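One structure is given below, encoded as structure tokens.
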There are 2 protein chains.
Amino acid sequence: MNDRDAAPKRTRRPTMVDVARSAGVSVKTVSRVVNGVSTVDPALRERVGLAMRELGFRRNSVAANLRSGRSTATIGLIILDLANPFYSTIAAAAARVAQRFDTQLFTASSGWDAQRETELAMDLCQRRVDGLIIVPTGEDQSYLRAETDQGTPVVFVDRPPTGIEGDAVLIDNRGGARTAVQRLLTEGHDRIGIVTDSLNSWTMSERLAGAREELEAAGVADRARFVETPSDAPGVAGDAVARMLGEASPPTAILCGNNRILSGAVGEVVRRGARVRLAGFDDFEFAHLLPYPVTVVGYDTASLGRFAAELLFRRIREPEISFSSTIVATYLVDRGIAAAAPC
Amino acid sequence: MNDRDAAPKRTRRPTMVDVARSAGVSVKTVSRVVNGVSTVDPALRERVGLAMRELGFRRNSVAANLRSGRSTATIGLIILDLANPFYSTIAAAAARVAQRFDTQLFTASSGWDAQRETELAMDLCQRRVDGLIIVPTGEDQSYLRAETDQGTPVVFVDRPPTGIEGDAVLIDNRGGARTAVQRLLTEGHDRIGIVTDSLNSWTMSERLAGAREELEAAGVADRARFVETPSDAPGVAGDAVARMLGEASPPTAILCGNNRILSGAVGEVVRRGARVRLAGFDDFEFAHLLPYPVTVVGYDTASLGRFAAELLFRRIREPEISFSSTIVATYLVDRGIAAAAPC
DNA sequence: CCCCTGAGAAACAACGTTGTCTCAGATTAC
DNA sequence: GTAATCTGAGACAACGTTGTTTCTCAGGGG
């Protein structure tokens with residue numbers, strides 16, 4: 001016998017059988033006590049409670065759910081990147097709703113990988129989550145049909161699903177872009193530049209479409225410049241702005257498709273001391289610290305997560321209601337500081 | 001009979017029994033096919049696979065885990081607020097490690113509520129997570145002893161546990177404060193102000209202790225000013241700085257206990273056009289946009305989450321190794337812009 | 001005194017899966 | 001040709017819990 005000195009801490013967790021044996025009652029009586037059934041003799045209840053505390057019993061809710069056929073009280077959230085404040089805000093808002101429903105939240109990041117998105121969704125369905133909230137990244141979510149058909153509801157956030165119908169919660173990107181362009185037009189700008197990143201994403205193409213609609217409505221679309229930059233390279237936004245401003249009759253105002261592009265644009269404009277009206281998307285934290293005045297299209301990110309979770313729980317309870325799309329409104333807000341004091 | 005027109009989509013998910021009946025084999029054979037056991041006749045394997053696809057069978061991994069006694073392949077993460085970038089960075093890093101181990105992550109926020117922390121931990125233990133990562137908020141984590149005794153490992157992050165021993169991953173707050181003060185001393189400052197928020201938190205008291213140690217080592221502690229502000233009120237940091245600077249012989253350098261205090265201090269210093277050396281903690285995103293030069297104590301937040309998760313998985317595999325504390329290093333970095341171009 | 005009633009607890013089966021054992025049929029060795 | 005070996009599949013029980021049914025034993029009325 002070459003056992004360790006210390007008794008091994010890691011003992012099997014006690015089950016209702018252990019508690020029942022210790023208290024000298026049947027397993028079912030333990031179950032009744034745990035579930036607070038009122039028809040248990042107070043003396044027995046006391047004995048069982050004592051045994052539970054002594055053994056440190058904690059009900060295995062996994063087994064309980066399996067037997068009773070109740071829901072697992074879990075939902076899954078598949079976002080693109082939990083480290084990104086936009087998505088973590090969505091996650092936090094969804095978690096808050098889940099808490100109201102005594103439900104735990106699986107949070108997983110697909111990392112813009114459609115294959116990974118599929119794997120995660122399948123894994124979570126195997127774990128029998130009550131529902132899924134997905135920020136879709138792939139071209140096609142039809143792989144989810146088998147799951148939705150079998151009663152696992154799915155709500156899509158920030159991008160509409162492709163290849164399958166379903167509930168969605170979206171930002172009014174198109175309307176936001178229209179409002180922003182409208183503001184620039186009202187201020188007298190008629191040579192407007194639009195800088196986007198990859199138009200493969202629904203979000204960006206909606207923003208471009210909205211801007212274009214408004215420019216065309218004002219009859220100044222032919223004087224506009226449109227530039228699409230690659231999505232993830234840093235500095236390219238600044239280069240694009242530099243090229244725009246170097247043209248013969250450069251735009252007097254530039255609308256940037258997201259906050260990264262806006263940051264790059266601000267950097268370039270400040271560097272060359274140019275006087276260009278800048279507007280952009282995403283009212284990120286610290287936007288007010290930008291060293292140049294800008295107008296941004298803002299929206300309440302937390303609403304996305306909250307609405308999505310509420311929609312999901314509603315559909316869990318009422319699977320037969322027809323699909324709905326919730327559009328989160330946008331607003332214009334002025335950010336950036338006019339000047340900063342030198343040290 | 002008053003059934004709905006459409007066939008109800010929500011049908012019970014098919015089980016191995018259904019697949020077995022459909023394929024004309026025993027349940028065990030279905031299990032073997034699902035688990036890729038090699039001793040199955042290819043013809044049967046084909047029949048079973050067909051039946052699975054037809055029915056849209058997806059193994060219930062909850063039931064599988066229950067029977068086989070294997071782990072649930074889930075871990076729980078209890079942080080203070082998922083919407084806070086500091087904690088969401090930790091969560092993202094932990095999730096990345098969990099993914100390597102084919103484990104799903106429950107993410108929950110305690111919201112600085114010790115009661116809620118306890119409830120969440122108990123709930124996750126009832127769900128038989130393989131382990132917990134906790135950013136403790138309460139005064140006492142001894143309630144976890146029952147769980148750790150029964151083999152649910154816990155790793156603490158960002159703050160050491162109280163009332164219980166355990167693995168921890170912490171920031172070198174004390175060392176960071178010493179380094180920052182050292183820098184200020186080296187630059188010739190000997191009247192140094194220290195602004196903290198509530199010293200109830202381990203983090204803040206460590207930072208203060210480190211600063212005090214260094215000031216005392218240099219023999220300038222008597223010329224220093226110490227101010228503790230309430231934790232969550234905005235603007236109080238600026239007020240504290242204002243009061244400091246209004247004194248007879250004001251400090252020439254101020255060390256701020258966290259990024260919120262530093263922001264307030266920058267605002268106040270810029271407003272009054274003062275020339276005060278500012279330093280602080282937390283190298284937050286956009287710190288480089290601060291309209292005033294500052295030096296901050298930085299650290300790799302993702303390391304906290306990554307180390308914690310790796311430690312947890314190690315302990316899950318080897319429960320008997322002795323507890324360890326991992327200290328994440330800090331570094332000094334200069335941030336803030338000297339000047340910004342006016343529009 | 002006996003039967004009926006009902007409260008409270010135990011016995012049994014089941015949730016969906018897998019571990020263990022058994023068995024039928026094919027293959028090999030003597 | 002028969003016994004020993006092996007291969008592959010089914011039967012059965014079990015994981016930890018709960019729904020359902022059955023049982024026991026007071027208490028009360030005829």
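All of these numbers come straight from a predicted model, not from anything done at the bench.
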Any side-chain donor near an acceptor of the partner, B:Thr107 and A:Thr107, under 3.5 Å: yes
Nucleotide range of DNA chain C lying under 4.0 Å from chain A heavy atoms: C:dG8 to C:dG16
Touch class at under 4.0 angstrom, heavy-atom based, for B:Arg32 against every strand present: base
Closest heavy-atom pair and its distance - B:Pro136, B:Val157: CD-O, 3.6 Å
Polar side chain donor-acceptor pair, B:Arg116 to A:Gln99, under 3.5 angstrom: yes
Salt bridge A:Glu320-A:Arg315, side-chain N to carboxylate O under 4.0 Å: no
Within residues 36-48 of chain B: residues closer than 4.0 Å to DNA chain D (heavy atoms): B:Thr39, B:Val40, B:Asp41, B:Leu44
Presence of salt bridge, B:Arg314 and B:Glu310, under 4.0 angstrom: no
Close side-chain approach of A:Ser142 to A:Arg145, heavy-atom, < 4.5 Å: yes
CD/A:Gln126: more than 12 non-hydrogen atoms of other groups inside 6.0 Å: yes
Closest approach of B:Gly131 to B:Ile316 (non-hydrogen atoms, all atoms of both residues): N-CD1, 4.5 Å
Flag side-chain contact, heavy atom, 4.5 Å: A:Val328 against A:Phe307: yes
Sugar-phosphate, base or nothing in reach of B:Ser31, heavy atoms under 4.0 Å: base
Parallel, tilted or perpendicular, as decided by the 30° and 60° cut-offs, for the rings of A:Tyr87 and A:Trp112: perpendicular
Touch class at under 4.0 angstrom, heavy-atom based, for B:Asn35 against every strand present: sugar-phosphate
B:Arg96, CZ atom: more than 12 neighbouring heavy atoms under 6.0 Å: no
Sugar-phosphate, base or nothing in reach of A:Val34, heavy atoms under 4.0 Å: nothing
Under 3.5 Å, which N/O atoms of the protein pair with N/O atoms of nucleotides 25-27 of chain D?
none

Residue whose closest nucleotide on DNA chain D lies nearer the 5' end, B:Arg67 versus A:Ser61: B:Arg67
